[in-house]
Number of protein chains: 2
Amino acid sequence: MQHTIARIKSVYPLSEDRLQQFTGMLEAVELKKGHLLFREGKTCRDLYFLEKGIARAYCSTGDSHLTFWFGTEGDFLMSFNGYVNNSAGYETIELLEDALLYKVPVAELEHLYQTDLQFANWGRKLTEKELIQTEERFISRQFKTATERYKALMEEAPGLLRRVQLGYIASYLGITQVTLSRIRAELK
Amino acid sequence: MQHTIARIKSVYPLSEDRLQQFTGMLEAVELKKGHLLFREGKTCRDLYFLEKGIARAYCSTGDSHLTFWFGTEGDFLMSFNGYVNNSAGYETIELLEDALLYKVPVAELEHLYQTDLQFANWGRKLTEKELIQTEERFISRQFKTATERYKALMEEAPGLLRRVQLGYIASYLGITQVTLSRIRAELK
DNA sequence: CCTAAAATTTTACAAATGATAAAAATTATT
DNA sequence: AATAATTTTTATCATTTGTAAAATTTTAGG
């Protein structure tokens, strides 16, 4: 449970009993590669921490899938848009390796938020950090060329390139797999 | 103060005295078109509500500016990245019209977050809503062609196109002004 | 109303990326 | 190890978008 606990702690300092309380609510789930944790159009009100494994989130566009997020050990997965809009999410989350996750219903978290100041601030900080990550990715998308984005990804997350097939990486970078191949050939 | 109050209320329900307390902390500021509220590289720890006027946020890329956000009546402005990372922000915010704003130091807000459950949850919801907006824009950027994005903007924010010059709109859409002109010519 | 400045559109050409198909390389399965 | 399935690369051509410069339109100030 180390990655999950480290993540929870890193978000915002919780007292020891609150940390106990939180981890006590978590249910371990083992799932196989290929499993879909969320499905677009379906409601899912659970938050997962990814203790082991790797996952991607994608949206469907007519024929193809568009990967817009990767998560690895210590990351958490939830449908923010489904939760905030109280609707079905627009993303599907697929496990790309056999995985160990810890699960908690968002309703239970919400209850903590409504009743406990520390948890409410924990939830705020969780969202704030997620927000600036998304914002930074958004801006880097606008700023940088495809080649620069690929280089940056290699530096920031070299493990990703080893664990995830290039078609998904290309989609994540906003280019076709053919273009990514060209970029890789150029960089050799 | 109507837009500002409406915005505060829409984020998360606050009791009447908390609303009073909040609005009592706000300081009215009138500023001229062209004024820079935030400057990239500088620290600014204020939150502003835009009561009247229109603003854009941009980053510098070598020679040119990249507009990545517009705000109008009822929107709020702050440097989330500067605040969360406790660093200087990477964005500049420029007023595109003479404006009336209400200002509050983030430190005062933070104090409310740390001491009051309702405010802590208000801050959480504020961030959650901002997050899904950013996420949706990020995905729509990847999904849609430049033409589709322009059409969507025309529908969602027709006022923007009347109030903001096209060079900024083009940048916001992630294309050059020439490309935007071509798109507009096609749509005629 | 006139002029100067700024913003927008148009044009011509160059560069980047996409689409498609096929070949090569890698991985999984028997 | 051999075969099949999947993934990645390569090649070709079409399309989109960018760059630069000029022409036009709009805006702001006197």
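So that the names make sense, note that chain A is the first sequence line, chain B the second, and so on, each numbered from 1.
Between the P atom of D:dT8 and the CG atom of A:L161 lies a distance of 11 Å, rounded to the nearest Å. Between the CG atom of B:L180 and the P atom of C:dT9 there is a distance of 7 Å, rounded to whole Å. Note: CZ (B:R149) to P (D:dT17) measures 8 Å, nearest angstrom. Atom CD of B:Q165 and atom P of D:dT27 are 11 Å apart (whole Å). C:dT8 atom C1' lies 13 Å from atom CD1 of B:I169, rounded to whole Å. Rounded to a whole Å, the CD atom of A:E186 is 13 Å from the P atom of D:dA11. Distance A:I175 CD1 to D:dT9 C1': 14 Å, rounded to the nearest Å. We find that CD1 of B:I183 is positioned 10 Å from C1' of D:dT16, with the value rounded to whole Å.
Contact annotation: A:T176 does not reach the phosphate of C:dT17 (side-chain N/O to OP1 or OP2, under 4.0 Å). OP1 or OP2 of C:dT9 sits under 4.0 Å from a side-chain N or O of B:S181. For the OP1/OP2 pair of C:dT9 and a distance below 4.0 Å, the side-chain nitrogens and oxygens of B:R184 include at least one atom meeting the criterion. Close to D:dT16, at under 4.0 Å from its OP1 or OP2, lies no side-chain N or O of B:R182.
In the displayed structure, A:K129 atom NZ is contacted under 6.0 Å by more than 12 heavy atoms of other residues, nucleotides or ligands. In the displayed structure, B:R163 atom CZ is contacted under 6.0 Å by more than 12 heavy atoms of other residues, nucleotides or ligands.
Residues B:Y102 and B:T23 fail the side-chain proximity criterion, which asks for heavy atoms closer than 4.5 Å. Put simply, the side chain of A:L101 reaches to within 4.5 Å of the side chain of A:L95, judged on heavy atoms.
Remark: aromatic rings of B:F138 and A:F68 are distant, center separation not under 6.0 Å.
The residue among B:K33 and B:T145 whose nearest nucleotide of DNA chain D lies closer to the 5′ end is B:T145.
The side chain of B:V178 approaches C:dT10 more closely than any other nucleotide in the set D:dT7, C:dT17, C:dT10.
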